[in-house]
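Convention: sequence-line order gives letters A, B, ...; per-chain numbering from 1. These figures come from a predicted structure and were not determined experimentally.
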There are 2 protein chains.
Amino acid sequence: MTTKKTKKEIIQEAAAHLFRDKGYSATSMRDLAEAVNLKASSLYNHISSKEEILRNICFDNAHRFISGMEEVEKSGADAPAQVRALLSLHIRTAMEDATSVTAFNDEWRHLNEPYLSEFKALRKDYEQRFRNILNTGMKSGAFRQMDPNVMLYTLFSSVRWLYDWFQEGKSRSAEAVEAEVIELLMGGLHSS
Amino acid sequence: MTTKKTKKEIIQEAAAHLFRDKGYSATSMRDLAEAVNLKASSLYNHISSKEEILRNICFDNAHRFISGMEEVEKSGADAPAQVRALLSLHIRTAMEDATSVTAFNDEWRHLNEPYLSEFKALRKDYEQRFRNILNTGMKSGAFRQMDPNVMLYTLFSSVRWLYDWFQEGKSRSAEAVEAEVIELLMGGLHSS
DNA sequence: ACGATACGAATGAACGTTCGTTTGCAAAGA
DNA sequence: TCTTTGCAAACGAACGTTCATTCGTATCGT
């Protein structure tokens, strides 16, 4: 059904997997070649450099999250619903494309300039738009009053474990985990 | 008046800083030497290998967290108080020794056997004891009912951003941030 | 007080290995 | 035929580490 994957896409996916497991720096082009049944030199028929692979991973995911943010902003929902939608986006993405997102989260610092600055700008933009939603929710009284940065980064990182966790195709259904995480974050550890 | 730091300690601290900024694999012994005003070869008068440095960082922090866990267990407090104490431990450690803890969190996978297995066992032990506390709290009705693993890992990773955040010596006081994070996690995003 | 001895600390040079990447050429597919 | 794909070989650079040596400063026997 899905259109056949190009060799470049196969290489990108294998690279994302290796970058997640061993890190960008500790992954050699010979490692990557072996993972796709090629020799290292052959890789360069499909990609132009090791960093290009990382670049694609980072910016593809950045755009994915920014697209999600745009949809949420257009929805016109209230702040709690918008936060729920964004948490859902983070959690679903973590489960559906864990390898790619992990590389995106942890390895972007190995980008070279000018891409490093470009990436940081995208990230900053996303964070600012998320912070706006949190501020709106605090102003309306829907959210507790607190430092919006503390709230923002706590939410961000609270779903980070999913990227590591779902590499082994865990038993729990994605929907159940998503629901539990969102309720935990919205309602807190305490019961009732 | 603190006793003078040995050169080995100076090297360890500089290494933790570099590992945090660039990652273990991307940090060369020549980078590290430059950071402590030595040549690469001179480092080996004080340490025996690059991995030994990482090993010390990882196991020192592992023991620090396990010691904290033992104190909490001995306290005999109820589950919510124990979780609060452990969150406080994570948050305070993140703020007081951010560089070392980041290396501990992100770079342990570069340990060689048998240390890798030993480290994983320590980590597993700590997680199991944390999970026991969460289960107790759920049984007593103090915590909401949910998958203890989802709860555990969400709590763990929700404080991860602090390690990255506090590298720039941020303005907020540590106590204020700690209080806000704990209330957010215990009570949730929603107000009241 | 004295020279002899030991030792911690630092160094430049070099080791073998691995790194990312380039080149030249052969085989395959269009 | 012309483009795409693959590979062996090789490249310079960087890697972690070892080595012989040096320098300064303690400690020692006398």
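Electrostatic pairing of Asp21(B) and Arg109(A) does not count as a salt bridge here, judged by no charged N lying under 4.0 Å from a carboxylate O. Using a 4.0 Å cut-off between a side-chain N of Lys or Arg and a carboxylate O of Asp or Glu, Arg92(A) and Asp97(A) do not qualify as a salt bridge.
Remark: Ser67(B) pairs with no residue by the side-chain contact (heavy atoms from CB on, under 4.5 Å) rule, at least two apart or across chains.
Geometrically, Lys50(A) engages Tyr24(A) in a cation-pi contact, judged by NZ or CZ lying under 6.0 Å from the ring centre and within 45° of the ring axis.
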* Structure fact -> 5' to 3', nucleotides 4-20 of chain D under a 4.0 Å protein heavy-atom cut-off (B base, S sugar-phosphate only, - none) gives -BBBBBB----BBBBB-

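Checking side-chain atoms of Glu180(A) against main-chain N and O of Val177(A) turns up no donor-acceptor pair under 3.5 Å.
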